[in-house]
Amino acid sequence: MPTTANRIQTVLKTYNVDIYYGTYRAVTGVSMEIPKNKVTALIGPSGCGKSTILRCFNRLNDLIQGFHLTGKIEYLGQDLYAKDVDPVKVRDEIGMVFQRPNPFPKSIYDNIVYGPRIQKDTRNFDEIVETSLRRAALWDEVKDKLQESGFSLSGGQQQRLCIARTIAAQPEVILMDEPCSALDPISTLKVEELIHELKEKYTIIIVTHNMQQATRVADYTAFFNAEPTPKGGKIGYLVEYDRTEVIFGSPNEQATKDYVSGKFG
């Protein structure tokens, strides 16, 4: 648990969460608090449940047959999985940026206003487009070609377009599942710089395999690991969660120290 989390507003909180697909338990015993207007990185080897946990925060796992969880996840104090909670509205509040850029087959402009149109937003769409693209550090690059396809942009620009599209829906939280893994180093740097700027307005949770990226962008880091199961699968669990400088500088758990020093992963 982060040592200073009690001084900062908590946006998301998990209580002893176990995640299942049918009878298969994929992740066990996750308790953590996500602080407001900070960047929290989820790190760990493949198969440890990082992305599974991330997708629980905006209920994307609901779309997978057999998924269910035990324990509790709260968003701003409300049970995220209560029967009266609409998952679609959850995804308005908690946006998602995926591993590979996924612009819609529409113009740059229509990509940005897609969410506001569905939400029947009464704001001026031109202002939404400009504001969202500025916040995504993309406005100057695309302001003269807003009616061109989102696919006309480079990979890095497409990812920033997807971030702008997420911002346009006015979320409180932005989830990012390895948002730079398909990008070149220059585009990666731009997205990392953008993450630093965005946390002034949003709470960000990022899954990354790049430990250097975690040290560059994250205020807090959660290290997940996995153990083999008797039937040949893996079960993920949270090993340690603290300020990033603690996780990478003086972790409490030997497994964390071994992972961040490159001994496995």
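Quick caveat, the model's predicted, so the values are computed rather than measured.
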Trainee: Please round to the nearest 0.5 Å and tell me the distance separating atom CD of Gln157 and atom CG of Leu138.
Mentor: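 It is 6.0 Å, given to the nearest 0.5 Å.
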Trainee: Using 30° and 60° as the class limits, which term best fits the ring planes of Phe67 and Tyr21: parallel, tilted or perpendicular?
Mentor: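 Tilted.
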Trainee: Search all heavy atoms of Asp219 against all heavy atoms of Glu245 and return the closest pair with its distance.
Mentor: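 Taking every non-hydrogen atom into account, O-OE1, 4.5 Å.
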Trainee: Do the side-chain N and O atoms of Asn37 and Glu200 include a donor-acceptor pair separated by under 3.5 angstrom?
Mentor: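 On atom types as modelled, these side chains do not qualify, holding no pair under 3.5 Å.
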Trainee: Grab the two heavy atoms, one from Ala222 and one from Met32, that are nearest each other, plus how far apart they are.
Mentor: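 Shortest heavy-atom separation between Ala222 and Met32 comes out as CB-CE, 3.8 Å.
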Trainee: Does NZ or CZ of Arg165 come closer than 6.0 Å to the centre of the six-membered ring of Tyr114, within 45° of the ring's axis?
Mentor: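 Judged by the rule (NZ or CZ under 6.0 Å from the ring centre, within 45° of its axis), Arg165 is not positioned above Tyr114.
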Trainee: Do Arg59's NZ or CZ and the ring of Tyr81 fall within the cation-pi criteria of under 6.0 Å and 45°?
Mentor: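 Cation-pi check for Arg59 and Tyr81: passes.
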Trainee: Does atom NZ (Lys89) have a neighbourhood of more than 12 heavy atoms from anything else shown, all under 6.0 Å?
Mentor: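 No.
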Trainee: Out of Ile204, Ile34, Thr203, which residue meets the side chain to side chain contact (heavy atoms under 4.5 Å, CB included) rule with Val173?
Mentor: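 By the side chain to side chain contact (heavy atoms under 4.5 Å, CB included) criterion, Val173 pairs with just one of Ile204, Ile34, Thr203: Thr203.
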Trainee: Taking atom types as modelled and ignoring hydrogens, do the side chains of Tyr15 and Glu74 form a donor-acceptor contact shorter than 3.5 angstrom?
Mentor: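 Present: a donor and an acceptor within the cut-off.
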Trainee: Is it true that, when you exclude Ile186 itself, more than 12 heavy atoms of the residues, nucleotides or ligands shown sit nearer than 6.0 Å to its CD1?
Mentor: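 Not buried by this count: 12 neighbours or fewer within 6.0 Å.
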Trainee: Looking only at side chains, do Glu93 and Tyr75 share a donor and an acceptor under 3.5 Å apart?
Mentor: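 Judged by distance alone, the side chains do pair up.
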Trainee: Count the heavy atoms of every other residue, nucleotide or ligand shown that sit under 6.0 Å from CZ of Arg117, and state whether that count exceeds 12.
Mentor: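 Counting neighbours around CZ of Arg117, more than 12 heavy atoms of other residues, nucleotides or ligands fall under 6.0 Å, so yes.
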Trainee: Can you tell me how far the CG atom of Leu80 sits from the CD1 atom of Ile94, to the nearest 0.5 Å?
Mentor: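 Answer for the CG-CD1 pair, Leu80 versus Ile94, is 5.0 Å.
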Trainee: Side chains of Thr244 and Thr221 only: does a donor on one sit below 3.5 Å from an acceptor on the other?
Mentor: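 Indeed, the side chains of Thr244 and Thr221 share at least one donor-acceptor pair under 3.5 Å.
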Trainee: Just checking, is any N or O donor in the side chain of Gln212 or Thr215 under 3.5 Å from an acceptor N or O on the other one?
Mentor: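 Result is no, nothing qualifies.
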Trainee: Would Thr28 and Asp18 count as having a side-chain donor-acceptor pair, cut-off 3.5 Å?
Mentor: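 The criterion, which ignores hydrogens and geometry beyond distance, is satisfied for Asp18 and Thr28.
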Trainee: In Å, rounded to the nearest 0.5 Å, how long is the span from CG of Leu60 to OG of Ser51?
Mentor: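 One finds 11.0 Å between CG of Leu60 and OG of Ser51.
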Trainee: With a 4.5 Å cut-off on side-chain heavy atoms, are Lys263 and Lys257 touching?
Mentor: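 In short, these two side chains do not touch, never coming nearer than 4.5 Å.
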Trainee: Please check this pair: side chain of Gln99 against backbone of Asp177, looking for a donor-acceptor N/O pair closer than 3.5 Å.
Mentor: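 No: the side chain of Gln99 does not pair with the backbone of Asp177.
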Trainee: State, yes or no, whether a side-chain contact exists between Leu153 and Phe151 at a heavy-atom distance under 4.5 Å.
Mentor: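 Not in contact.
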Trainee: State yes or no: are the ring centers of Tyr259 and Phe223 separated by less than 6.0 Å?
Mentor: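 Yes, ring centres under 6.0 Å apart.
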